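The structure's right below; bear with me while I get my questions together.
Given the structure is predicted, the values throughout are model-derived calculations rather than measurements.
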Amino acid sequence: MARGNSPTGTSASRDASLDVGRYLLLVGVIALHLMALVPADRFGWWSIAVLNLSHIAVPVYLIVAGYFLSWRTRSYRRCVTQPIIRLVPLHLFWLGIYIVHYEVTMRFAWDWGPQILFNGGPAYHLWFLPALLVALILVAVTSRVAGLWGALLVCAILAAIGLSRGAFHDMLGMPGTAQRAGILMAPMFVWMGAAMRAFFPDRVDRRMIWAIVAVLIVMQAVENAVFSHLSAGHVMIVRAFPLTMFATGAAVFLAIRSIPASLWPQWLVEQSRCTLGVYAVHLLVIYSIGGWIVPTGPVSLLLLVAIVLAISSLIARAMTMIRPLQRFVI
C-alpha cells in the first residue's frame, strides 16, 4: 500500500483497489441523485434497479473508513480530536459553498436552522460527513474502552434503533415518519471495517466473493420490494439502509479488496484519490446542469452520470493543484 492522506483522516495508509472502488461507486451515488430529475411517468424496472444498487456506495465508504481506523495506537484524546480536525473544516467548507450557491441561484427561501449541520440542507449528500465523524469517534473510543466486541454491542444497539426509524418504521407501526437515521447506522458500518482489518487482513478468493455479492444483491432487491410494499411510500428511506445492506456492504468491500491493485490503470488510481472531492462537488454540478438535461430512461441517465462524473472529476483534480484546497478533495 502507498503512503498518503486517508480520505477520512483515519490512517496514513491507502489501498489502491479500495480507492478505485470508492471512485467507481460514485456512479451509483450520482445516478441516485439524478433520479430526482426523472419524470414520474418514466419510472420503470430500470429505476428500481438504480435505487437498489446505488445505496451500496455509502455503506462501503463507511466500511473503508473503519478499515483504516487506527484506534489501537491512539490516545483517547486523539480518538476524538483527529476526526474533528479532519472532517469539521471539510464539512463547513463544502456546506458554505452550497449555501452560497443556493442563495445566489435559487428563487425560494430555505429554512436555515441548526439542523443543516447534520442534514446538509441543499447539500443533502453531506449528511455523510457528520455521520462519519460521530461513527469514527464512537467506534474508536468504545473499542479503546471495551475492545471491538464491546464496541459491537453499542453499534448494534444504535443500528437496531436506526432500523426501527428507517426500513422497519412503517412495518413496526412506529409513530412519526420514517427517516434515514444515518447517524445511528453509520457506527455499525465503521465497526465492520475495523473488524475486517482485525480478522480478515488477507484478500479473499475473488470468484467466491463476487458470487456472494451477486446473491446478496438479489436478496437485497427482494427485501426492498417487500419493505417498499409495507412502507407507506417511504421508498427512498427504506432502500437507504435495509437489513441486508450490512452483509452486502461487507461483501462488496471484500470483493473490491480482492482485485489486485496492478489491474487498475495508473490514471484511474491517480483520479481515485480525489473521490472525496468528487463526492462533495457532484451535486453542485447536478444543480448547474439539471435544468438543461433531464434523464428520461436508462441510456440518458448513464450519459448524464458520465457527464457529471467527468465534470466533477475535473473540478476535484483542479483543486488538488491549489495547495490550500487540497485538504478539501483528498
Side-chain angles (χ1 to χ4, degrees), residues 1-33 50 52-69 125 128-129 132 135-136 186 189-197 200-217 220 241 244-282 302 305-306 308-310 312-313 316-317 320 329-330:
M1 286 189 287
R3 306 295 292 179
N5 293 324
S6 166
T8 58
T10 53
S11 173
S13 297
R14 302 193 75 129
D15 182 299
S17 288
L18 290 179
D19 276 350
V20 173
R22 290 186 317 117
Y23 180 75
L24 295 178
L25 284 171
L26 285 170
V27 170
V29 175
I30 295 171
L32 175 65
H33 294 152
V50 169
N52 282 333
L53 294 172
S54 58
H55 285 290
I56 295 173
V58 168
V60 174
Y61 292 165
L62 293 167
I63 292 171
V64 171
Y67 184 79
F68 290 116
L69 180 61
H125 65 311
F128 168 76
L129 293 175
L132 175 61
L136 289 172
F189 291 105
V190 170
W191 180 90
M192 289 166 59
M196 281 191 276
R197 182 63 176 258
F200 296 95
D202 299 323
R203 299 180 190 273
V204 299
D205 180 78
R206 197 190 315 172
R207 291 183 180 180
M208 177 191 71
I209 194 60
W210 281 104
I212 292 173
V213 167
V215 171
L216 287 171
I217 287 176
Q220 182 177 313
F241 294 110
T244 49
M245 186 62 79
F246 295 108
T248 306
V252 171
F253 170 84
L254 292 173
I256 292 171
R257 280 207 74 229
S258 73
I259 303 174
S262 59
L263 294 182
W264 301 112
Q266 188 58 35
W267 68 266
L268 185 57
V269 173
E270 292 294 327
Q271 180 60 57
S272 68
R273 292 172 181 168
C274 303
T275 297
L276 182 61
V278 179
Y279 177 88
V281 78
H282 82 273
L302 287 175
V305 166
V308 173
L309 181 60
S312 302
S313 298
R317 287 285 288 189
T320 65
V329 293
I330 298 178

(Q) Applying side-chain contact (heavy atoms from CB on, under 4.5 Å), can you list everything that pairs with L53, at least two apart in sequence or on another chain? (A)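 side-chain contact (heavy atoms from CB on, under 4.5 Å) list for L53, sorted by chain: I56, I217.
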Check: Can you tell if the side chain of T275 reaches within under 4.5 Å of the side chain of D19, non-hydrogen atoms only?
Finding: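 No; the side chains remain at least 4.5 Å from each other.
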message = For the aromatic rings, using the six-membered ring if either is Trp, is the centroid distance between F253 and F200 under 6.0 Å?
response =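 No, ring centres 6.0 Å or more apart.
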**Asked** If you take all heavy atoms of L268 and V20, which pair is closest and at what distance?
**Response**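 The pair with the smallest heavy-atom distance is CD2-CG1, 3.6 Å.
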I need the full list of salt bridge (Lys or Arg N to Asp or Glu O under 4.0 Å) pairs touching residues 244-255, with sequence neighbours left out, sorted by first then second residue.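 Checked against salt bridge (Lys or Arg N to Asp or Glu O under 4.0 Å) - neighbours excluded - no pair reaches residues 244-255.
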List the residues meeting side-chain contact (heavy atoms from CB on, under 4.5 Å) with A247, not counting sequence neighbours, and say none if there are none.
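In terms of side-chain contact (heavy atoms from CB on, under 4.5 Å), with neighbours along the sequence ignored, A247 is linked to L216.
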If you round to the nearest 0.5 Å, how far is NE2 of H55 from CE of M245?
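The NE2 atom of H55 is 7.0 Å from CE of M245, to the nearest 0.5 Å.
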* Using the test side-chain contact (heavy atoms from CB on, under 4.5 Å), find all partners of V27 that sit at least two apart in sequence or belong to another chain. =>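 Residues passing side-chain contact (heavy atoms from CB on, under 4.5 Å) with V27: V305, L309.
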Fill in: Criterion side-chain contact (heavy atoms from CB on, under 4.5 Å) on I256 and L24, from CA distance to verdict
CA-CA 10 Å; I256 292 171; L24 295 178; over 6 Å; no
Heavy-atom closest pair, residues L32 and V50 =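 Distance-wise, the nearest heavy atoms are N-CG1, 4.5 Å.
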| query | Sequence neighbours excluded, which residues qualify as side-chain contact (heavy atoms from CB on, under 4.5 Å) partners of L254? | reply |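 L254: side-chain contact (heavy atoms from CB on, under 4.5 Å) contacts with M196, V204, I209.
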Exercise for review: Report yes if the side chains of M208 and S258 come closer than 4.5 Å at any heavy-atom pair, otherwise no.
Suggested key: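 Counting from C-beta outward, M208 and S258 never come under 4.5 Å.
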Which distance, rounded to the nearest 0.5 Å, do you find between the CG of L129 and the CG of L276?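 CG of L276 is found 6.5 Å from CG of L129.
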For the student: nearest non-hydrogen atoms of P260 and S17, plus distance:
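What the structure gives for the nearest pair is C-OG, 3.7 Å.
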Discussion item. Is it the case that the side chain of S272 and the backbone of Y23 share a donor-acceptor pair, with hydrogens and angles ignored and the cut-off at 3.5 Å?
Written reply: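 No, because the side chain of S272 does not come within donor-acceptor range (under 3.5 Å) of the backbone of Y23.
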*asked:* Tell me the closest heavy-atom pair linking V278 and S312, and the distance in Å.
replied: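 Scanning both residues completely, I find the closest heavy atoms to be CG1-CB, 3.7 Å.
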**OP:** Anything under 30° is parallel, anything over 60° is perpendicular, the rest tilted; go ahead and classify H125 against Y279.
**Re:**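 Rings of H125 and Y279: tilted, 30 to 60°.
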Report task. Measure the shortest side-chain to side-chain distance between Y61 and L26 over non-hydrogen atoms and say whether it is less than 4.5 angstrom. Result ->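 Side chain of Y61 against side chain of L26, heavy atoms only: contact under 4.5 Å found.
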**Report entry** Nearest atoms (heavy-atom pairs only) where E270 meets R317
**Finding:**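 Scanning both residues completely, I find the closest heavy atoms to be O-NH1, 3.5 Å.
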Identify which one of R197, R22, R203 satisfies the salt bridge (charged side-chain N to carboxylate O under 4.0 Å, His left out) criterion when paired with D15.
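When salt bridge (charged side-chain N to carboxylate O under 4.0 Å, His left out) is applied between D15 and each of R197, R22, R203, only R203 qualifies.
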Pairwise side-chain contact, I259 with W264, heavy-atom cut-off 4.5 Å (strictly under)
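When only atoms from C-beta onward are counted, W264 and I259 do touch, with a gap below 4.5 Å.
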By side chain to side chain donor-acceptor pair (under 3.5 Å), which residues pair with S54, not counting sequence neighbours?
->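 Here no residue qualifies.
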message = I need the minimum non-hydrogen distance between A57 and V29, along with the two atoms involved.
response =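 Closest approach of A57 to V29, heavy atoms only: CB-CG2, 3.5 Å.
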